[in-house]
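Proteins get letters first, then strands, A, B, ... in listed order; numbering begins at 1 in each. Only this structure's heavy atoms are used, side chains among them; waters, hydrogens and symmetry mates stay out.
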Amino acid sequence: MSLRFYNTLTKKKEKFIPVKEGKAGIYVCGITAYDVCHIGHARSALVFDIIYRYLKYAGYDVTYVKNFTDVDDKIIGKANAEGSDIYDISERYIKEHNEDMDRLGVARPTITPKATENIKGMIRLIDTLIEKGFAYVVDGDVYYSVEKFKGYGKLSGRGLDDMLAGARIDVDKKKKNPFDFVLWKSSKEGEPWWNSPWGRGRPGWHIECSAMSQRFLGDTFDIHGGGEDLIFPHHENEIAQSEGATGKPFANYWIHNGFIKVNDEKMSKSLGNTLTIKEVLAAYHPEVVRFFILQNHYKSYIDFSDASIAEARVGMERFYTTLKNIKDALDDGVNFSDTSEKDLSGEDEEVFKKMKMLPDRFKEAMDDDFNTARAIGYMFDSVRIINGYTSKNFVPTGESLFVLSEAKRHMKSVGKVLGLLLEDPDEYFEKDRKREIGKSGLDVREIERLIDERKNARESRDWDRADELRDLLSARGIIIKDTSTSTTWKVK
RNA sequence: GGCGGCAUAGCCAAGUGGCUAAGGCAGCGGUCUGCAAAACCGUUAUUCACCGGUUCGAGUCCGGUUGCCGCCUCCA
């Protein structure tokens with residue numbers, strides 16, 4: 001079984017055949033650095049983070065390029081409003097972006113170029129487009145003539161004629177066709193500018209991605225990605241620019257992630273329902289956020305709500321409960337360093353074999369259009385196998401602990417690709433408890449005092465008082481768990 | 001108006017024409033426990049919006065109907 005995934009360009013799942021065997025080049029459209037990132041940015045970053053990690057896991061030598069747009073109308077607007085310049089603004093939000101992504105456990109791409117560092121490449125590209133007759137100059141502006149590129153519309157699946165009817169079209173008399181888009185804009189007063197053959201100006205939005213992908217990945221590369229909203233016009237325009245200039249295919253595969261809705265509404269600034277990554281991470285562990293997103297296939301939309309993210313937290317608890325049980329068993333001190341597969345028999349052998357299948361099942365799921373939801377399903381299957389093994393008459397022996405340690409290794413190795421199960425279980429639960437306490441405003445000392453009182457009641461076998469105290473704690477959202485030696489607690 | 005997507009149990013969700021339709025959450029019954037919690041076992045879709053067609057065989061392919069949604073404007 002080899003890797004296959006859906007290609008927006010052909011609207012089919014296709015086998016992945018890279019340009020150069022064993023290598024993979026990916027370009028993903030990054031953020032425009034003018035505001036803090038929201039949960040939608042997190043999803044896009046996470047989806048391509050998983051694709052990046054999985055390609056590496058599958059043995060590819062991956063070059064992953066994700067740009068920052070650091071010059072654009074909104075950045076200029078914000079800079080002018082603050083009396084600063086575009087670099088102050090973009091640097092600030094790139095820094096915020098990196099902090100958010102680091103906290104989410106998103107690996108840094110191989111290369112993160114900025115638009116302003118690639119102006120020369122853009123000018124060269126625009127020059128070529130003018131030379132080849134794909135672009136025209138009007139009063140210091142340069143436009144791309146969409147009618148000249150015969151493949152225009154092939155990604156979004158629409159022809160120029162289709163779009164003209166009933167579409168909301170901006171009226172710009174300089175354009176020959178309403179869908180012509182700007183490659184270079186002459187600068188107005190108070191705007192940053194660079195020298196060009198067409199006078200002082202700045203690049204249009206689309207040209208940067210053509211220039212930077214070409215610089216770092218070549219004329220034709222493997223995968224181009226981004227949010228589904230970018231299909232038109234941004235990615236369509238990139239194709240027109242790049243293929244117009246080089247005469248070669250641009251990206252062979254296009255991958256687009258679906259959107260996040262909030263309470264079943266599209267998340268947008270105008271509705272005022274954007275949810276920042278910082279807000280979400282204040283309320284949930286980063287792995288809960290990852291799990292929440294990866295439980296859905298990357299192309300479908302996800303509805304974010306308090307209930308849906310809370311459910312994801314419960315799911316992560318299930319994983320960490322199992323890891324905790326394994327950890328406790330392994331801490332028992334029985335030596336299993338001399339044990340190997342051939343020593344196993346009976347249930348030990350059976351569980352060992354089942355767990356050994358996990359990486360293959362994981363690969364089968366991920367090879368099929370990066371099906372993280374199915375992969376997670378297989379991980380839950382493993383959880384059930386391990387829990388069944390440890391819950392009934394478990395005896396720590398060299399054999400059984402060897403099996404558990406292998407089970408843990410397999411869980412962690414696939415978890416690592418998804419960016420899950422990276423924490424020590426005790427730390428995970430401790431962080432979760434602190435976070436939940438912070439949200440509820442409960443008093444930890446008060447809780448511990450009640451638990452202590454209950455402990456005394458239990459020791460004197462005063463079950464009525466003990467149960468009364470547990471009900472009291474339960475009413476405050478505290479769930480307690482008695483073990484043979486102690487009592488632990490967590491927030492519901 | 002144009003283009004595209006989706007519709008699977010109470011909820012979320014995977015399903016690449018063919019063994020019993022993954023998995024999670026919630027519920028119910030049981031095991032364990034002083035009682036709980038967690039965990040385990042069992043149970044919860046003769047059926048995949050509806051109607052027709054192709055096929056030996058369809059949730060999966062084709063056509064139609066209905067209902068949601070997205071894009072066509074900056075947007076991950």
Side-chain angles (χ1 to χ4, degrees), chain A residues 1 4 8 11 13 28-32 34-35 37-48 72-74 153 156-159 161-170 179 205 225-234 236 256-261 264 266-270 274 291-292 295-297 299-303 305 307-308 310-315 317-318 321-322 324-325 361 364-365 367-369 371-381 383-384 386-392 458 461-464 466-467 470-471 474 479-484 487-490 492:
Chain A
M1 185 71 181
R4 299 163 73 240
T8 312
K11 296 179 176 50
K13 270 192 211 175
V28 173
C29 295
I31 60 156
T32 299
Y34 75 101
D35 205 350
C37 290
H38 54 64
I39 184 78
H41 296 110
R43 182 180 195 187
S44 181
L46 228 39
V47 164
F48 292 103
D72 121 304
D73 288 346
K74 286 187 284 281
S156 53
R158 58 189 101 194
D161 298 340
D162 299 332
M163 291 188 280
L164 286 167
R168 286 168 285 180
I169 301 165
D170 60 335
F179 286 99
W205 173 39
E228 64 179 14
D229 56 313
L230 297 179
I231 294 171
F232 189 89
H234 184 54
E236 199 68 74
H256 293 94
N257 66 274
F259 265 46
I260 289 191
K261 294 186 181 187
D264 215 28
K266 185 185 168 176
M267 185 169 67
S268 75
K269 298 225 164 177
S270 55
T274 55
F291 175 77
F292 170 72
Q295 244 189 324
N296 294 265
H297 187 80
K299 278 201 301 286
S300 55
Y301 81 83
I302 304 179
D303 187 28
S305 65
S308 62
E311 196 180 291
R313 173 176 168 257
V314 175
E317 258 179 36
R318 187 163 160 79
T321 299
T322 297
K324 167 70 174 156
N325 291 340
R361 300 180 85 199
E364 172 263 307
D367 272 347
D368 186 11
D369 206 14
N371 197 327
T372 52
R374 197 151 83 208
I376 286 169
Y378 292 154
M379 289 170 73
F380 275 116
D381 284 340
V383 160
R384 195 164 9 81
I386 298 166
N387 288 343
Y389 184 55
T390 52
S391 68
K392 51 179 178 190
R458 290 182 77 223
R461 306 186 74 80
D462 182 355
W463 306 124
D464 286 347
D467 290 349
R470 185 176 52 214
D471 290 346
S474 175
I479 306 271
I480 55 177
K481 179 186 172 186
D482 298 322
T483 67
S484 52
T487 296
T488 59
W489 60 278
K490 65 172 187 180
K492 203 183 284 174

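Nucleotides B:C11 and B:G17 place their P atoms 28 Å apart, quoted to the nearest Å. For B:C72 and B:C12, the P atoms lie 27 Å apart once the distance is rounded to whole Å. For B:U46 and B:A39, the C1' atoms lie 32 Å apart once the distance is rounded to whole Å. Of the C1' atoms belonging to B:A13 and B:C32, the separation is 31 Å, rounded to the nearest Å. Rounded to a whole angstrom, the distance from the P atom of B:G18 to that of B:U31 is 41 Å. To the nearest whole angstrom, the two P atoms, one in B:A38 and one in B:C50, are 37 Å apart. Across B:U60 and B:A21, the matching P atoms stand 15 Å from one another, rounded to whole Å. The separation of B:U66 from B:A49, taken at their C1' atoms, amounts to 8 Å, rounded to a whole angstrom.
Remark: A:Lys13 engages A:Asp368 in a salt bridge, criterion side-chain N to carboxylate O under 4.0 Å.
If you check every strand for non-hydrogen atoms under 4.0 Å, A:Ser300 touches sugar and phosphate atoms only. Within 4.0 Å of A:Gly388, counting heavy atoms only, lie sugar-phosphate atoms of the nucleic acid but no base atom. Backbone-only engagement by A:Ser156 is indicated by non-hydrogen atom pairs under 4.0 Å involving sugar-phosphate atoms exclusively. Using a 4.0 Å heavy-atom cutoff across all strands shown, A:Gly40 reaches at least one base atom of the nucleic acid. No contact: A:Glu317 has no heavy atom under 4.0 Å from any strand. Within 4.0 Å (heavy atoms only), A:Gly153 reaches no atom of the nucleic acid at all.
Comparing A:Asp381 and A:Ile260, the nucleotide of RNA chain B nearest to each residue sits closer to the 5' end for A:Asp381. Sequence order on RNA chain B of the closest nucleotides to A:Ile479 and A:Lys74 puts A:Ile479 first from the 5' end.
Distance from the side chain of A:Arg374 is smallest to B:G15 among B:A36, B:A76, B:G15. Nearest nucleotide to the A:His38 side chain, out of B:A76, B:G70, B:C25: B:A76. Closest contact between the side chain of A:Lys266 and the listed nucleotides B:C75, B:U16, B:G24 involves B:C75. If you check B:C35, B:A38, B:C72 against the side chain of A:Thr321, the one that comes closest is B:A38. Distances were taken from every side-chain heavy atom of A:Glu364 (C-beta onward) to each of B:G34, B:U16, B:C71; the shortest belongs to B:U16. Proximity note for A:His297 (side chain, C-beta onward) versus B:G24, B:C75, B:A14: the nearest is B:A14. The side chain of A:Asp229 sits closest to B:A76 out of B:U16, B:C71, B:A76. Nearest nucleotide to the side chain of A:Phe380, out of B:C75, B:U16, B:G23: B:G23. Distances from the side chain of A:Arg384 to the nucleotides B:C40, B:A14, B:C72 place B:C40 closest.
By the neighbour-count criterion of 12 heavy atoms within 6.0 Å, atom OH of A:Tyr301 is sparsely surrounded, having that number or fewer from other residues, nucleotides or ligands.
A donor and an acceptor atom sit less than 3.5 Å apart, one in the side chain of A:Glu311 and one in the base of B:G24. Remark: the A:Asp467 side chain and the B:G34 base include a donor-acceptor N/O pair separated by less than 3.5 Å. Counting atom types as modelled, A:Arg461 pairs no side-chain N or O with a base atom of B:G34 as donor and acceptor under 3.5 Å. Judged by atom type and distance alone, A:Asp482 reaches the base of B:C35 through a side-chain donor-acceptor pair under 3.5 Å.
Base pairing analysis places B:A58 opposite nothing; no Watson-Crick or G-U wobble pair with both distances below 3.5 Å involves it. B:C50 is paired with B:G64 under the criterion used here, namely a Watson-Crick or G-U wobble arrangement in which both key atom distances are under 3.5 Å. The pairing partner recorded for B:A22 is none, the criterion being a Watson-Crick or G-U wobble arrangement whose two distances lie under 3.5 angstrom. Pairing of B:U31, defined by two Watson-Crick or G-U wobble distances under 3.5 Å, is identified with B:A39. In this structure, B:C71 and B:G2 make a Watson-Crick or G-U wobble pair, each of the two defining distances being under 3.5 angstrom.
If you take OH of A:Tyr378 and P of B:G15, they are 10 Å apart, rounded to a whole angstrom. The NZ atom of A:Lys11 sits 12 Å away from the P atom of B:C3 (whole-angstrom rounding). Atom CD1 in A:Ile480 sits roughly 13 Å away from atom P in B:A36 (whole-Å rounding). At whole-Å resolution of the value, CZ in A:Arg318 and C1' in B:A39 are 8 Å apart. Distance A:Phe232 CZ to B:A76 P: 17 Å, rounded to the nearest Å. Rounding to whole angstrom units, CZ of residue A:Arg43 and C1' of B:C75 are separated by 15 Å. Straight-line distance from the NE2 atom of A:His234 to the P atom of B:U73: 15 Å, rounded to whole Å. Straight-line distance from the CZ atom of A:Arg313 to the C1' atom of B:A26: 16 Å, rounded to whole Å.
B:G70 has no stacking from A:Phe259 on its base ring, since the centres under 5.5 angstrom apart and planes within 30 degrees of parallel are not both found.
Heavy-atom minimum distance, A:Asn257 versus A:Ser44: OD1-OG, 3.2 Å. Residues A:Met267 and A:Gly40 come closest through the heavy atom pair CE-N, 3.6 Å.
Here A:Asn371 reaches the OP1 or OP2 of B:G15: one of its side-chain N or O atoms lies under 4.0 Å away. At B:A76, none of the side-chain N or O atoms of A:Thr274 fall inside 4.0 Å of OP1 or OP2 (strictly under the cut-off). Look at A:Asn257 and you won't find any side-chain N or O under 4.0 angstrom from OP1 or OP2 of B:A76.
A:Thr321 contributes a side-chain N or O that, together with a main-chain N or O of A:Glu317, makes up a donor-acceptor pair within less than 3.5 Å. Side chain of A:Thr483 to backbone of A:Thr488: no donor-acceptor contact under 3.5 angstrom is found.
Using a 4.5 Å heavy-atom cutoff, the side chains of A:Asp72 and A:Trp205 are not in contact. For the pair A:Phe259 and A:Lys266, the minimum side-chain heavy-atom distance is below 4.5 Å.
A side-chain hydrogen bond (donor to acceptor under 3.5 Å, both in side chains) with A:Thr8 is found for exactly one of A:His256, A:Glu228, A:Lys299, namely A:His256.
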